[in-house]
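One-based numbering along the sequence shown.
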Amino acid sequence: MLNNKLLLFFSLISFCVTAQTKEIIIEVQPYLQDATPSSIKIMWQTNANEESIVEWGLTPKLGKKTKGISYDVNFTEARIHEVSLEGLKRFTNYYYRVKTGKTKSDIFQFKTPPFAKDQESFKIVAMSDMQYDYNQPNKFYEVVNDGILEFLKKDSKDSLPDNLALVMIPGDLVENGTEYYQWKDQFFKPAEKLFSEVPVYPVLGNHEKNSLYYFKYFSLPKNGSPEYAEHWWFKDYGNTRIVGLDSNNGYKNSKEQYNWLKELLDKTAQDDTIDFVFAQLHHPYKSELWIPGEEDFTGKVVKLLEEFSTKTGKPSIHFFGHTHGYSRGQSKDHKHLWINVASAGGAIDNWGEFEGRDYDEFTVTQDEYGFVLVEVDGSKKDTKFTIKRISRGNTKEFKNNIVTDSITIYKNEKKPQQPQAVTPNNSTVSITKTVLKASEFESTFKNAFHAASNWQVATDKDFTTVIFDTWKQFENWYYKENRQKDDDLTDEEITKRLTPNTTYYWRVRYRDQHLNWSNWSKVATFKTK
């Protein structure tokens, strides 16, 4: 018995000595989390050792030191380290490196966020569905390093933290969230040059499988529902509120999540410092490339955001993925954008491969790899944001960071001039092939152009009984074809068969490319034979 105790004692001593003398390797390079104007969290992973130290300062000489915590990854000696730096200055560049035992990382930089009152401008990258594809194993590395980093470098000579505020990822970070090696090798390693200097904010996709690894690797804001920590949350950067949501099974129908979002939007409506709301969740409400991927819960989120934007005048976006291709749409009656930011690595959902549909909301859909760049103007004089799609092409056609789509949305409304209903007016028409004609588009807003028209025909002058309602965009890219090519938005044929000997009323409104609708035209009338 004594010999067994001595054997156990010496085994423990041997284990401790081995642990202390073992070469410490940084298996996951430092990455940034949960930044505020006065704080930031820095995380990394080593093969052993609990020591968690960040050396940091305003210059590469560093000079300050902060200790943190560590915890196991997968019941081995490997440890995830987390250090919170506090008392930082807002919108300021800092240098840092991490230290565990005798092992130190390279020196990296980060920049703290501004307050909204600072009226600073900034950029955000949004991308998703970078899960490993065995046919294109290096695609995520390419999108990050040859795509994001090279594009930003050419766009500006500033350092990466000066050029990019944060990264949003609406789901499917890995192919199988329960596989430990995929997080280390297939998600963090390809993006280490980006995540070491720019905070990353993901939400859960279906491929994460609600894995414990996801919650160990990320330290997201704890301002959602306490019992559902890190499933939904929000983060403010300057004048923009970013909302993370969970659209997966087990959470998508949660009353807690829906009520939390509703209450958050009500509070945001009263917050004069917030100009824009960007929500991200994994599943689409509508998908032109892959209808089976659609999710009704996202439709409920879209409705809340639409109502919020119309009520407050604060434009909003919902970013999503799941369908592996880019789409950009807009709500008909609200200043709200629909943006699919995939695919950053997962196999493309090619045109014709799955069941699809040409939805009125979407202007552009592309079966390509790439990412989305959001440029936010924080100035109160002309507050706006611009969405740019940066394409890397697909397996049939390579594109080297080509801007294939762009839209700019202003907070302040700048309505086009009210159009005139020209013909028919106080006239009699046939019950078939009746064409409505309105005046040319006009706007006092510089460079505004005619981007959409909405036509309505009713049997009463108050339009309580609308029998024809059509909404057309100036472009509609579907299946690589612009279905709106050469369509004059100042006229529209009534495709519904009209009733003989009936009086009808019609009106039209015009929209510019910034989602500003004009007032409805004065009501015109006609009779059928």
Side-chain angles (χ1 to χ4, degrees), residues 31-37 40 90-94 108-116 118-128 130 143-170 191 193-202 234-244 273-280 315-319 326 328 337 339-342 344 370-392 401-411 514:
Y31 57 100
L32 304 174
Q33 291 280 278
D34 199 9
T36 77
I40 198 167
R90 72 180 188 271
F91 211 55
T92 301
N93 284 293
Y94 287 90
F108 303 103
Q109 296 183 62
F110 66 82
K111 190 171 188 175
T112 51
F115 290 130
D118 297 324
Q119 299 185 33
E120 296 288 353
S121 299
F122 55 92
K123 296 174 185 174
I124 297 170
V125 158
M127 58 177 171
S128 75
M130 56 278 299
V143 168
V144 170
N145 295 276
D146 299 335
I148 296 169
L149 297 181
E150 283 300 314
F151 184 85
L152 291 172
K153 189 183 298 183
K154 288 183 179 180
D155 193 46
S156 172
K157 294 181 180 179
D158 292 336
S159 67
L160 181 57
D162 282 319
N163 212 2
L164 187 62
L166 58 94
V167 177
M168 298 172 63
I169 303 180
K193 291 182 180 179
L194 176 62
F195 296 161
S196 62
E197 300 203 325
V198 180
V200 55
Y201 298 92
F234 73 91
K235 166 61 60 178
D236 292 345
Y237 193 102
N239 65 340
T240 301
R241 176 155 290 171
I242 295 162
V243 183
T273 67
I274 300 299
D275 295 318
F276 307 121
V277 171
F278 299 164
Q280 62 169 347
S316 61
I317 307 173
H318 75 281
F319 293 103
Y326 169 74
R328 190 257 298 170
L337 285 177
I339 308 289
N340 184 347
V341 300
F371 60 95
V372 166
L373 187 67
V374 188
E375 300 173 345
V376 180
D377 184 342
S379 66
K380 292 299 180 184
K381 181 180 178 181
D382 215 10
T383 310
K384 63 182 182 295
F385 64 78
T386 298
I387 299 286
K388 294 180 181 178
R389 173 61 172 187
I390 317 301
S391 177
R392 301 288 301 169
N401 298 339
I402 304 299
V403 179
T404 55
D405 186 40
S406 179
I407 186 171
T408 298
I409 307 299
Y410 291 80
K411 181 188 176 185
H514 308 301

Starting at [atom1] of [X], measure out to [atom2] of [Y] and round the result to the nearest 0.5 Å.
X: Asp118; Y: Arg90; atom1: CG; atom2: CZ; result: 4.0 Å
X: Thr408; Y: His514; atom1: OG1; atom2: NE2; result: 6.5 Å
X: Phe195; Y: Gln33; atom1: CZ; atom2: CD; result: 9.5 Å
X: Lys384; Y: Ser379; atom1: NZ; atom2: OG; result: 6.0 Å
X: Ser316; Y: Asp275; atom1: OG; atom2: CG; result: 13.0 Å

With distance as the sole test, does [X] use its side chain to make a donor-acceptor pair with the main-chain N or O of [Y] at under 3.5 Å?
X: Asn163; Y: Leu152; value: yes
X: Glu120; Y: Gly378; value: no
X: Lys388; Y: Ile407; value: no

[X] to [Y] - nearest heavy-atom pair and separation:
X: Arg389; Y: Ala342; result: NH2-O, 2.9 Å
X: Thr36; Y: Pro113; result: O-CD, 3.0 Å
X: Thr383; Y: Asp377; result: CG2-O, 3.5 Å
X: Lys380; Y: Gln119; result: N-OE1, 3.2 Å
X: Ile40; Y: Pro199; result: CD1-CG, 4.4 Å
X: Phe371; Y: Gly147; result: CE2-C, 3.6 Å

Asn401 pairs by side chain to side chain donor-acceptor pair (under 3.5 Å) with which of Lys154, Glu150, Arg392?
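Filter result, single survivor: Arg392.
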Going by ring pair (Phe, Tyr, Trp, His ring centres under 6.0 Å), name the residues that satisfy it together with Tyr94, two or more places apart in sequence or in a different chain.
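Once residues adjacent in sequence are excluded, the partners of Tyr94 under the ring pair (Phe, Tyr, Trp, His ring centres under 6.0 Å) criterion are Trp56, Phe110.
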Quick one: which of Val403, Asp405, Thr404 gives a side chain to side chain contact (heavy atoms under 4.5 Å, CB included) with Ser391?
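It is Thr404, the one option of Val403, Asp405, Thr404 that forms the side chain to side chain contact (heavy atoms under 4.5 Å, CB included) with Ser391.
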Mind checking side chain to side chain donor-acceptor pair (under 3.5 Å) for Tyr201 and listing every partner two or more places apart, or none if nothing turns up?
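Partners of Tyr201 under the side chain to side chain donor-acceptor pair (under 3.5 Å) test: none.
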Would you say the side chain of [Y] lies within less than 4.5 Å of the side chain of [X], judging by non-hydrogen atoms?
X: Gln109; Y: Ser159; result: yes
X: Phe151; Y: Asp146; result: no
X: Met130; Y: Val143; result: no
X: Asn239; Y: Val376; result: yes
X: Lys193; Y: Leu149; result: yes
X: Ile148; Y: Met127; result: yes
X: Ile409; Y: Thr386; result: no
X: Phe319; Y: Val374; result: yes

Salt bridge between Asp155 and Lys123, side-chain N to carboxylate O under 4.0 Å?
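Yes, charged N to carboxylate O under 4.0 Å.
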Flag the pair Phe278 / Phe385 as yes when their ring centroid distance falls below 6.0 Å, and as no otherwise.
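When the ring centroids of Phe278 and Phe385 are compared, they turn out to be within the sub-6.0 Å range.
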